Amino acid sequence: MPVWAGPVVTAPPAGQAAPQPQLEIVPPPVPAPPAIQAANTDLSAMLVNRTLARLGLELELEPEGKTIEKIWVDPYNVFLADEKLASWANAAHFHTKERTVHEELLFLVGEPWREKIGLETGRNLRKNLPITVAQVVTCKGTQPGTIQVVVVTRDIWSLRASYDLQLTDGRLEYFFIGLFEYNWLGHAETISPFYFEMNQATMMFAQRYVNPRVAWSRIALREDAGVIYNYKTGSFEGGIATLKLFHPLYSLSEKWGWEMNFDIQSRIQRTFSQGQVARVAIAETGESLPLQYSSAFLKLSLAGTRSIGYEFKNNFSLGWRLNAPIFKFEPLAGESYLAESVYGFNRANLPLQDRHGALFAQHNFFEARFGQMTNFNTMGLIEDIQLGPQVVSEVAVAPPAFSMDATFVQPGITLRWNEMWGKDDLSTVEFSTSLRYQLSPSFEGFSAWVNRLHGFLIRQASPIFFNFARILVGARMNLRVEDLSRTVTTVGGNNFLRGFPSGAYQGASTWGTNVEIRSRPWRLTPYLLIGGATFFDMGDAFNGAEELLFRKVHKAAGLGIRVLLPQISALTARFDVAFPIDEIYGPSTTFQFQQAF
């Protein structure tokens, strides 16, 4: 494992020249190697070119196999020295420590350069640190057969009010806000003494701590704890406590990993439709009951992983998991129901008390080939995409010694393939299926084959046409048959069927297709990117394939605006206005962070 050692040099600050400085910042006059080509975006190329100019270094176009003579690290702060906000805004932020960057490097001085290791280091920096820019480039050394490596990073503002918001037709459906420090003392630790999460009925007050390097080791830790209240009645409804301790596979060369999880929660689960708790008609009595129930569960898991290979990875995991849920129907305040209605709800709508312990074996195969895109899920920032095939298969067995309510065998598999046919397009195909065979007598009303879950996803992102916009097309279906959890999914509002009231359609299964044209962003100020979109959505929720054949296809079209503040967050905010086609509903507006699909 690379350690923080050797002649690693921090680039001199702006205004202090290195030997043989260049007098101005200019693009490289020759074709750049892959690492610098990947940086050719507004937010990355400028910083890389600025650093190379200040250091007086010249790009090395054929670095493979040459000895690393020196490593330069140039960690830019959130705002640059020549930006108006730099003086006071950077003071309210922990600048990433040099050692924090060095610990993520997968190469050392004196080692031969491998381009694939440099690219992997860039991916790790972007994934693991609170930064928006991470580029690794190679330059000519002072002696024949040597190179100097330059690592350029730029922080994202770490002390901020993190937020998420979902609005549909002016109705607040989800709200999250909290004071988070994502880079405590410059060590990439996350501390939140308080965060607040609210849906259409409850609010949760909680705290969080994440340490990716406990005592500078490779062991990581995350914990959350909070209490839940009903803000309409003021009553206490439950709480959460989670703890995860794990050793990740931090590089493609790492051979061993493990994780331990503890999760205990108690809350009331509700399904909403158009701002109200959805209701279901009970066949035996005709009475309408609210679709809500109390949920309390304990989940534990232990797993170890052995990783084999480099270019083609095979990760083999063995573990044990415990799931112990308890469910109970919860009436709405002020309402009473017939005992027969509650019994009917429990039989048809309440999740099964499926308490069990299971041993599992998992195999994760994937090609360690990666591409980079911009203006895909975010705007103006580099996004790393794993390319090629990925196959994740698992078999879980709940023997009588571990199980409380059922013994079973449960196989499952997910097949996925991402491919870039050019340099700025992406095709994705995914299929997943799993099912469970009950070894003990099955639950009442269910066959021996339960939890039959099937899904597929197809998505195509075109290249950017005329340097203006790209077209995205997607289709998906999730089919649940004899689902012991009796999950109710909804479409409409802030998900992939825009233009309809939130939760307009409900069912165990869903399908949807989308076509969207997303423009490239325009930089209005150094701190603001804005783009546009136009889209067409189709979809529905249903119960069973036989119902799908006779249901109406719901359609909508609309326009949207996309906004990004790159110094604050990599999440794109979207505001959409959609118009249902041949429906009783009028236009609908949604505001949310992250793209719709």
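Keep in mind it's a predicted model, so treat the numbers as computed, not measured.
At least one test fails for R476 against the ring of W511: distance under 6.0 Å to the centre or angle within 45° of the axis. Judged by a 6.0 Å distance limit and a 45° cone about the ring axis, R321 is positioned over the six-membered ring of F360. Both cation-pi conditions hold for R436 and F408: the charged atom is under 6.0 angstrom from the six-membered ring centre and inside a 45 degree cone around its axis. Taking the ring centre of Y209 as origin, the terminal cationic atom of R222 falls outside the region bounded by 6.0 Å and 45° from the ring axis.
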Applying side-chain hydrogen bond (donor to acceptor under 3.5 Å, both in side chains) to E259 and N261, what does each step give before you reach the verdict?
CA-CA 7 Å; E259 69 174 54; N261 292 280; 2.8 Å; yes
Test side-chain hydrogen bond (donor to acceptor under 3.5 Å, both in side chains) applied to Q460 and S427, step by step
CA-CA 5 Å; Q460 175 66 49; S427 300; 2.3 Å; yes
E237 and R270: CA distance, side-chain angles, deciding distance, salt bridge (Lys or Arg N to Asp or Glu O under 4.0 Å) verdict
CA-CA 12 Å; E237 287 198 357; R270 298 174 174 90; 2.7 Å; yes
Intermediate values then yes/no, side-chain hydrogen bond (donor to acceptor under 3.5 Å, both in side chains), N183 and T96:
CA-CA 7 Å; N183 201 16; T96 301; 2.9 Å; yes
So S317 and T305, side-chain hydrogen bond (donor to acceptor under 3.5 Å, both in side chains) or not? Walk me through it.
CA-CA 4 Å; S317 299; T305 300; 2.7 Å; yes
Which is it for L249 and R218 under the side chain to side chain contact (heavy atoms under 4.5 Å, CB included) test, yes or no, and what are the steps along the way?
CA-CA 9 Å; L249 297 173; R218 285 292 181 179; over 6 Å; no
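A donor-acceptor pair under 3.5 Å is formed between the side chain of E120 and the backbone N or O of L252. Proximity of a side-chain donor or acceptor of N514 to a complementary backbone N or O of M538 within less than 3.5 Å is not detected. Looking at N543, its side chain does come within 3.5 Å of a backbone N or O of A508 through a donor-acceptor pair. When atom types are taken as modelled, the side chain of N451 and the backbone of L484 share a donor-acceptor pair closer than 3.5 angstrom. One N or O on the side chain of R126 and one on the backbone of A134 form a donor-acceptor pair closer than 3.5 Å. In this structure, the side chain of Q265 does not engage the main chain of L298 through any donor-acceptor pair within 3.5 Å. Between the side chain of E64 and the main chain of E115, a donor-acceptor pair closer than 3.5 Å is present. No side-chain donor-acceptor contact under 3.5 Å links T271 to the backbone of A278. Remark: side-chain polar atoms of N346 are not paired, donor with acceptor, to backbone N or O of L350 under 3.5 angstrom. Between the side chain of T242 and the backbone N or O of D263, no donor-acceptor pair lies under 3.5 Å.
In this structure, H363 and F365 have tilted ring planes: the angle between them lies in the 30° to 60° band.
Of all heavy-atom pairs spanning S295 and F327, the tightest one is OG-CE2, 3.5 Å.
For the atom pair CG (L472) and CD (E516), the distance works out to 6.5 Å, reported to the nearest 0.5 Å. Within the model, atoms CD1 of I117 and CG of L106 stand 6.5 Å from one another, a figure rounded to the nearest 0.5 Å. One distance of note links CZ of R480 with CG of L453; it measures 5.5 Å at 0.5 Å rounding. The line from CZ of R452 to OG of S447 is 5.0 Å long, rounded to the nearest 0.5 Å. Residue T202 holds its OG1 atom at 9.0 Å from CE of M198, rounded to the nearest 0.5 Å.
Side-chain rings of W113 and F107 approach one another, their centers coming within less than 6.0 Å. Remark: aromatic rings of F329 and Y293 are distant, center separation not under 6.0 Å.
Here R470 pairs with D424 in a salt bridge; the nearest charged N to carboxylate O distance falls below 4.0 Å. Under 4.0 Å is where a charged nitrogen must lie from a carboxylate oxygen, and between R123 and D384 no such pair does. Look at D576 and R562 and you find a salt bridge, because one of the NZ, NE, NH1 or NH2 atoms lies within 4.0 Å of a carboxylate O, short of that distance. Electrostatic pairing of E547 and R551 counts as a salt bridge here, judged by a charged N lying under 4.0 Å from a carboxylate O. The pair R347-E444 meets the salt-bridge criterion, since a charged nitrogen lies less than 4.0 angstrom from a carboxylate oxygen. R213 and E103 are joined by a salt bridge, as a carboxylate oxygen and a charged side-chain nitrogen come within less than 4.0 angstrom of each other.
Each of E311, E419, Q386 was scored for a side chain to side chain donor-acceptor pair (under 3.5 Å) with R369, with one residue passing: E419.
With no hydrogens or angles considered, a side-chain donor-acceptor pair links N418 and T428 at under 3.5 Å. Side chain to side chain, N315 and S307 meet the donor-acceptor criterion of an N or O pair below 3.5 Å.
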